[in-house]
Amino acid sequence: MPELPEVEVVRAGLEPAVRNARIAAVSVLDDRALTRHSGDGADFEAELTGRLLRGAVRRGKFLWLPLAPLGEDFPSTRAILGHLGMSGQLLLRTAGAPPERHERIRIDVEHPEHGELALVFADQRTFGSLAIDDLIPTSDAAPAGRGSPEPLVPGQVAHIARDPLDPAFDDEAFRRRLARKDSAIKRVLLDQTVASGIGNIYADEALWAARIHPERLARDLSTRAVRRLIAEVRAVFEKALAEGGTSFDAQYVNVNGQAGYFAHSLNVYGRTGQPCPRCGGPIVRVSFTNRSSHFCPRCQRARGVQ
DNA sequence: TTCAGCTCCTGAACGC
DNA sequence: TGCGTTCAGGAGCTGA
């Protein structure tokens, strides 16, 4: 389940392979992988073939590969926008490599240093997708995300908040936003328009680390608690990044198909009934906002929960 | 305007 | 062995 650390691992892996690479051919094998694209597979293939890629950029869980402008006659800047959804993978393969399981789209590129490569988008559950989107100026004129100094963001990503690892993330604005939220903090953390990149796994882990019950109302959190929470979100992200992300099965791998190791460092997620690493009490799992929520009822008191 | 719940989807795991 | 059910969850949509 790719969240910010997993997507960042993928972005960092793609960056050297796609920067200044020319797209030689595109094959859309399943149009369901283009749910965010305004055209069809043929349109996707036609627009990309022959174009030059500029790099790989990420905001939250969204990833995009900016395309070089076509010239003065076509100055509009576009990008290949991707979201991995639940089970999406972006894999780098040698040219002509056999099809991957659940392969949906293949982009063959020619890189000036690395030669011919295949960028494969595979996705089991088809929640992920690729699209071609216009790049528009960021509302705060700051760089759009990690991987590029350009203040240009895909239109479909413009409403997504910055992620907590972004230097332009505004901690105080985040606190003010929470203070107006009459909703459970777990739900607010999963709202990508408040802070991006946080999914179910890291929300549970950060709330446990900050000793905050997932069903506490966001507006009831003290300034100190919010600061502690955002610090723990960053700490969890940084640790997961250092360990290559969280892999429970083959559904998250880096661009080379390798799993991450952070699943071994999880304190509450997926540990129902096991002792809390902090107090020894049993971790519980509850169904919450159509998700599973894992927490320690002893460490994370239900004070103020409605 | 805000909030909560539903929907999409596939395959592994499980029970019978 | 085969069939049916449950579960996992990101993001957009809809209704209250």
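We name chains A, B, ... by the order of the sequence lines, and we start the count at 1 in each one.
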Worksheet entry | Selected nucleotide, minimal atom distance to A/R32 side chain, candidates C/dG12, B/dC9, C/dC7 | B/dC9
Item to complete: Can you tell me which stems DNA chain B forms, taking runs of 3 or more consecutive Watson-Crick or G-U pairs with both distances under 3.5 Å?
Response: B:2-16 with C:2-16
Discussion item. I'd like to know if A/R36 reaches the base of C/dG12 with its side chain, counting only an N/O donor and acceptor under 3.5 Å.
Written reply: no
Practice prompt. Assign each of A/R180 and A/T126 to its nearest nucleotide of DNA chain B by heavy atoms, then name whichever residue's nucleotide is nearer the 5' end.
Written response: A/R180
Discussion item. Using the side-chain heavy atoms of A/R125, tell me which of these nucleotides is nearest: B/dC3, B/dT10, B/dA4.
Written reply: B/dT10
Worksheet, complete the sentence: Which of B/dT10, C/dG10, B/dA12 is nearest the side chain of A/R101? It is B/dA12
Discussion item. Heavy atoms from C-beta onward define the side chain here; which of C/dA8, C/dG10, C/dG12 lies closest to that of A/Y269?
Written reply: C/dA8
Item to complete: Find the distance A/M86:CE to C/dC7:P and express it as a whole number of Å.
Response: 14 Å
Practice prompt. On DNA chain B, check which nucleotide each of A/R291 and A/S183 is closest to and give me the residue with the more 5' one.
Written response: A/S183
Discussion item. I want to verify a distance call: between C/dA11, C/dG12, B/dT10, whose nearest atom is closest to the A/H102 side chain?
Written reply: B/dT10
Worksheet entry | Side chains of A/H37 and A/D133, donor plus acceptor under 3.5 Å | no
Worksheet item: Going from CD on A/E103 to CG on A/D123, what distance comes out if it is rounded to the nearest 0.5 angstrom?
Response: 12.0 Å
Worksheet entry | A/W208 six-ring centre to A/R278 NZ/CZ under 6.0 Å and within 45° of normal | yes
Item to complete: Select one nucleotide: of C/dA8, C/dA11, C/dG10, the one nearest the side-chain heavy atoms of A/R285.
Response: C/dA8
Worksheet item: Out of C/dA8, C/dA11, B/dT10, which nucleotide sits closest to the side chain of A/S292?
Response: C/dA8
Fill in: Residues A/D163 and A/K61 bridged, charged N to O under 4.0 Å
no
Item to complete: Name the closest nucleotide to the A/R187 side chain, picking from B/dA4, C/dA11, B/dG11.
Response: B/dA4
Practice prompt. Please state how far atom CD in A/E3 lies from atom C1' in C/dG10, giving the value in whole angstrom units.
Written response: 9 Å
Worksheet item: Just how far, in rounded Å, is C1' of C/dG10 from CG of A/L81?
Response: 14 Å
